[in-house]
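Have a look at this one.
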Amino acid sequence: MTVQETISEFIKEHFEIGDDPDFSNDVHLFNEGFVDSFGAVEIIHFIEENFNIKITQKDITLFPMNTVNEIAEVVESKI
């Protein structure tokens with residue numbers, strides 16, 4: 001499974017999105033209401049545990065992580 005698929009599946013399952021036709025790897029997770037700020041913390045925790053990397057405050061400030069694809073880009077740059 002790719003990084004994008006792993007993150008996407010986690011978000012779909014954890015936030016009970018299922019097969020919502022509005023969800024894609026390019027949808028803004030926060031603006032579209034799929035994830036809130038508490039969910040962002042859960043996603044970061046999942047990423048750190050699953051990919052054995054550390055997402056720093058600097059990463060959050062420097063890189064947009066609003067879509068599955070943007071999150072995956074940051075993860076891939078660290079593994």
Side-chain angles (χ1 to χ4, degrees):
M1 199 178 309
T2 68
V3 172
Q4 285 91 346
E5 290 169 339
T6 301
I7 295 168
S8 179
E9 286 302 311
F10 170 77
I11 292 171
K12 286 164 75 175
E13 289 176 19
H14 192 75
F15 299 101
E16 299 177 2
I17 295 169
D19 292 329
D20 188 323
D22 294 329
F23 182 83
S24 73
N25 286 352
D26 290 316
V27 71
H28 195 293
L29 297 170
F30 307 100
N31 286 352
E32 297 302 319
F34 288 111
V35 178
D36 62 13
S37 58
F38 292 111
V41 173
E42 293 176 66
I43 292 169
I44 289 171
H45 180 72
F46 168 78
I47 288 167
E48 290 179 336
E49 292 291 316
N50 194 66
F51 296 102
N52 198 30
I53 61 171
K54 179 74 176 147
I55 301 293
T56 65
Q57 185 63 44
K58 185 176 179 179
D59 294 329
I60 294 168
T61 303
L62 290 177
F63 305 108
M65 289 192 274
N66 300 309
T67 70
V68 170
N69 285 334
E70 289 174 347
I71 297 167
E73 284 180 35
V74 173
V75 171
E76 289 170 341
S77 74
K78 293 181 155 283
I79 55 177

Quick one: side-chain hydrogen bond (donor to acceptor under 3.5 Å, both in side chains) pairs with a partner in residues 65-78, sequence neighbours left out?
D26-N69, D59-K78

Between CG on residue N25 and CZ on residue F23, distance to nearest 0.5 Å
6.0 Å

Please check if atom CG in N31 has more than 12 non-hydrogen atoms from other residues, nucleotides or ligands closer than 6.0 Å.
yes

Of all heavy-atom pairs between V35 and A40, which one has the smallest distance, and what is that distance?
CG1-N, 3.6 Å

Apply side-chain contact (heavy atoms from CB on, under 4.5 Å) to I44 and list each qualifying residue two or more places apart in sequence or on a separate chain.
E48, I55, I60

Here the pair of heavy atoms bringing V68 nearest to Q4 is CG1-O, 3.6 Å

Would you be so kind as to tabulate the donor-acceptor pairs closer than 3.5 Å made by side chains of residues 9-20, with sequence neighbours excluded?
{"residue": "H14", "atom": "NE2", "partner": "E42", "partner atom": "OE1", "Å": "2.2"}
{"residue": "D20", "atom": "OD1", "partner": "D22", "partner atom": "N", "Å": "2.7"}

Please say whether more than 12 non-hydrogen atoms of neighbouring residues, nucleotides or ligands are located less than 6.0 Å from NE2 in H45.
no

side-chain contact (heavy atoms from CB on, under 4.5 Å) involving T61 - partner list, sequence neighbours excluded:
Q57

Is there a path of hydrophobic side-chain contacts, each under 4.5 Å between heavy atoms of I, L, V, M, F, W or Y residues, that connects V41 with L29?
no

Establish whether I79 and I43 are linked, either directly or via other cluster members, by ILVMFWY side-chain heavy-atom contacts under 4.5 Å.
yes

Can you check side-chain contact (heavy atoms from CB on, under 4.5 Å) on D36 and F30, steps first, answer last?
CA-CA 6 Å; D36 62 13; F30 307 100; 6.0 Å; no

Do L62 and V74 sit in the same hydrophobic cluster, where Ile, Leu, Val, Met, Phe, Trp and Tyr count as joined when their side-chain heavy atoms come under 4.5 Å apart?
yes

Can you measure from CD1 (I71) to CZ (F46) and round to the nearest 0.5 angstrom?
10.5 Å

